[in-house]
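The next block holds one structure in the form of C-alpha cells; read it before the comments.
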Amino acid sequence: MRNRTVVDEYLDYFCGANIDGVESTLADTFCLRGPLFEFDSREAYIQSLRDNPLEKASYRILATTQADDTVSVFYEYTKSSSSNVIAQFFRIKENKIVETLLVFDRGAVA
C-alpha cells in the first residue's frame, strides 16, 4: 500500500469518527506530538479517543508532499461551525503510521 493511501485512510476514519478504523492504520509503536496532546503508544491514543469521542468532521486537502517513508498534509478541518488549517506530518513503516506531528492554531480550537 502506498504511504499516501494510509494517510488518506487515517484522515477519512478520523473525520468520520471511526475509532476502530483509526486504530487499524496505526503501528503498535505509534506516537503523536501536537499542540494539545502527546501520546507515546497507539493504546494511549486510542483510549483517549474512546474517552472523548470524536465528532464527525470534514476536511479539504490544501497540499501534500511525500518522500520515502513520510507524508505531509496541509488541510482545512471543519467540524460544527468551526474551521482550522492543520499541517500534519506522518512517518509510515510497513503500511502503518508510526509517528505523527500536528501543527495548528490552538486558539482556533476553543
Exercise for review: Say whether E9 and T25, considering side chains only, have a donor N or O and an acceptor N or O under 3.5 Å apart.
Suggested key: no
Within-4.5 Å side-chain heavy-atom neighbours: F30 and I97 = yes
Ionic contact status for R50 with E23, cut-off 4.0 Å: yes
Closer than 4.0 angstrom, basic N to acidic O: yes or no for R2 and D8? no
Apart from V103 itself, members of its ILVMFWY cluster (side-chain separation under 4.5 Å) are F89, L101
inquiry  = Just so I know, are the side chains of I19 and Y13 near enough to count as touching, which here means a heavy-atom distance under 4.5 Å?
reply    = no
**Q.** Contact check, side chains of N84 and D105, non-hydrogen atoms, under 4.5 Å
**A.** yes
Checking V73, L102, L11 against I86 for side chain to side chain contact (heavy atoms under 4.5 Å, CB included), the one that qualifies is L102
For D68, the side chain to side chain contact (heavy atoms under 4.5 Å, CB included) test, sequence neighbours excluded, returns none
Exercise for the section: Using atom types as modelled and distance alone, determine if a side-chain donor or acceptor of R42 lies under 3.5 Å from a backbone N or O of L26. Expected result: yes
Residue set satisfying side chain to side chain contact (heavy atoms under 4.5 Å, CB included) with K79, at least two apart, ordered chain then number -> E55, A57, Y77, S82
- Within one Ile-Leu-Val-Met-Phe-Trp-Tyr cluster: Y10 and Y59, side-chain cutoff 4.5 Å: yes
Fill in: Check: D40/Y45 side-chain N/O donor and acceptor closer than 3.5 Å
no
| Counting heavy atoms not belonging to E43, are there more than 12 under 6.0 Å from its CD? | no
ask   = Between the main-chain N or O of A27 and the side-chain N or O of K93, is there a donor-acceptor pair closer than 3.5 Å?
value = no
Main-chain N/O of F39 paired with R33 side-chain donor or acceptor, under 3.5 Å: yes
**Q.** ILVMFWY network linking F14 to I46, side-chain heavy atoms under 4.5 angstrom
**A.** yes
Q. Under 3.5 Å, is there a donor-acceptor pair between the Y75 and Q88 side chains?
A. yes
* If we only count heavy atoms from C-beta on, is the V71 to T65 side-chain gap below 4.5 Å? -> no
